[in-house]
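So the structure is just underneath, and the comments pick up after that.
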Amino acid sequence: MTDTEKNEILLALRSQLTGDLSKDMVFLEAKANEYAASGDNDVVHAISEMAVDLLSDKDKQFMKQKLYIGERRLDAVYGEAASLMRQHLYDKALVLTGMLYDKIRKEFAETPDKRFYSFRNLLESNLYYTMYHPTKHLERAPFDFVRFLSAHAFNLIEVRRPQEAIAVLEEAIRFNPVCPDPRFELAEAYKVLAMPDKLLEVIKETLPISVTPYALSRCYANMGYYCVEKKDYENAVCFYFESLLYADHPAIPGELKHVSLLMGKKIAPPKREEVLKAFADYEIPNGPDQNVLGVATALANLSVEKHEWEPAAFYLRVLFDLTHDDETKALLERVEAELAKEKEAAAAPSEDESQKG
């Protein structure tokens with residue numbers, strides 16, 4: 001999304017504000033959820049800023065206490081830390097992400113009746129409700145705290161403090177239990193700590209929330225690693241090859257060569273029945289979880305019914321990437337055609353503008 005498009009959205013939203021604070025806050029929250037569903041995080045952040053501008057000076061001061069470290073907003077602190085991480089300056093980045101960790105724990109702690117969340121889209125929030133049946137009131141966190149906390153854990157692992165990273169990642173999972181990313185970092189921590197049983201546990205927790213081929217591929221690659229640690233080389237081969245079916249993981253060929261050396265023989269691609277037996281041996285379902293498919297299907301059908309083409313395309317892409325189903329592909333193509341027409345119509349000059357020209 002361009003800056004021009006974002007500004008047009010914000011101007012349209014501002015024109016719909018009524019002056020009634022309670023009504024406007026509900027309206028902006030609904031719109032933030034809507035744009036979060038399609039991953040437009042810049043718009044979500046801008047809407048959050050718009051909501052803050054509506055507050056009284058006293059409430060703004062309270063928000064500054066929660067959302068700032070010194071004179072810098074939390075996302076600015078994260079941005080500086082991310083820049084240092086890209087330069088591999090993990091010691092320096094750790095100082096900043098540690099400040100974020102302390103601030104988040106202090107200001108956004110879970111209470112007996114409320115917890116904050118950082119779902120990235122409606123698929124995640126609906127999957128969470130389906131799997132966890134929450135009873136507490138959920139309140140949107142102002143930023144993606146899963147990303148902030150995962151960065152802190154990553155830095156801890158890089159500076160060889162993996163044990164400390166575990167508690168940080170558990171905190172990240174609390175903000176979004178259906179995001180695989182912190183669980184993947186948790187798996188890496190358990191690898192470094194040589195705790196294969198905990199690795200297997202986290203893999204089994206990650207599989208039911210894997211909504212992309214990449215996530216499934218990474219889970220299966222981790223299963224291959226676990227099997228090697230347990231000297232179960234035949235099943236390791238099965239999991240590594242299954243991983244390659246879902247994504248072209250660059251480390252897998254090297255892992256298979258390592259297993260070949262350990263087994264003392266060349267490795268051939270396993271037969272399908274051998275792969276399914278490996279999954280059965282570890283009581284792991286093969287392929288995407290039915291909850292994921294069910295929630296994505298329901299959201300796709302609802303979006304198509306309401307002619308909301310952009311979210312419909314998102315959910316259908318999720319389904320097709322996981323299943324390669326022909327009917328899903330056909331519906332996705334129809335939805336994408338409708339979306340293209342909608343965007344073309346939005347880009348065309350209005351009749352008034354044409355007359356002015």
Side-chain angles (χ1 to χ4, degrees), residues 37-39 119-133 146 173 176-187 199-227 235-249 251-252 269-304 310-333 335-336:
S38 54
F119 300 130
R120 297 173 296 183
N121 50 57
L122 282 177
L123 177 59
E124 288 186 343
S125 62
N126 278 266
L127 187 59
Y128 173 71
Y129 275 95
T130 299
M131 294 179 63
Y132 288 87
H133 310 289
V146 176
I173 290 168
N176 188 350
V178 295
C179 176
D181 297 344
R183 297 184 195 270
F184 286 138
E185 289 298 328
L186 197 54
L199 171 61
L200 178 61
E201 182 181 310
V202 77
I203 293 169
K204 289 189 173 185
E205 291 172 350
T206 311
L207 280 166
I209 58 173
S210 294
V211 301
T212 64
Y214 170 79
L216 287 172
S217 173
R218 190 162 175 180
C219 286
Y220 299 155
N222 282 339
M223 277 302 305
Y225 180 95
Y226 170 82
C227 288
N235 278 339
V237 170
C238 291
F239 284 116
Y240 279 138
F241 271 98
E242 192 72 358
S243 175
L244 291 173
L245 289 182
Y246 285 86
D248 186 16
H249 200 300
I252 299 301
K271 297 178 181 177
R272 194 63 194 163
E273 56 266 28
E274 293 173 332
V275 172
L276 295 178
K277 180 180 179 301
F279 278 79
D281 286 347
Y282 288 97
E283 299 180 340
I284 290 175
N286 180 257
D289 187 86
Q290 291 305 305
N291 276 328
V292 169
L293 298 179
V295 169
T297 298
L299 290 169
N301 290 340
L302 181 61
S303 298
V304 170
E310 191 158 353
F314 170 75
Y315 301 128
L316 287 167
R317 286 189 202 105
V318 169
L319 285 168
F320 180 69
D321 287 346
L322 291 172
T323 65
H324 293 282
D325 175 70
D326 288 338
E327 289 185 12
T328 302
K329 181 181 180 182
L331 181 56
L332 174 59
E333 289 173 349
V335 166
E336 288 179 331

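Residues E201 and R183 are not paired through a salt bridge, judged by the lack of any N-O separation under 4.0 Å between the basic side chain and the carboxylate. In summary, R120 and D181 engage in a salt bridge, as defined by a charged side-chain N under 4.0 Å from a carboxylate O.
No side-chain donor from either of N235 and E274 sits under 3.5 Å from a side-chain acceptor of the other. Side-chain polar atoms of N286 and R272 form a donor-acceptor pair below 3.5 angstrom.
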Under 3.5 Å donor-acceptor pairs involving side-chain atoms of residues 296-304, not counting sequence neighbours:
| residue | atom | partner | partner atom | Å |
| --- | --- | --- | --- | --- |
| T297 | OG1 | L293 | O | 2.7 |
| N301 | ND2 | T297 | O | 3.3 |
| S303 | OG | L299 | O | 2.9 |

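Here the closest heavy-atom approach between residue V211 and residue L322 is recorded as O-CD1, 3.7 Å. For the residue pair V178 and E124, the shortest heavy atom distance occurs at CG2-O, 3.3 Å. Counting all heavy atoms, side chain and backbone alike, L332 lies closest to A313 at CD1-O, 3.7 Å. Nearest heavy atom pair, residue A278 against residue C238, reads CB-CB, 3.8 Å.
The 12-atom threshold is not exceeded at CD of E327, counting heavy atoms of other residues, nucleotides or ligands nearer than 6.0 Å.
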Quiz prompt | Residue pair D325, K329: steps toward the salt bridge (charged side-chain N to carboxylate O under 4.0 Å, His left out) verdict | solution = CA-CA 6 Å; D325 175 70; K329 181 181 180 182; over 6 Å; no
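Evaluation of the ring-ring contact (aromatic ring centres under 6.0 Å, His included) test over residues 199-222, restricted to residues two or more places apart or in two chains, returns Y220-Y246, Y220-F279.
Taken to the nearest 0.5 Å, the CG atom of L316 stands 11.0 Å off from the CD atom of E333. Atom NZ of K204 sits about 14.0 Å away from atom CG of N222, to the nearest 0.5 Å.
Ring geometry for H324 against F320 counts as perpendicular: the plane angle is over 60°, on a 0 to 90° scale with 30° as the lower cut.
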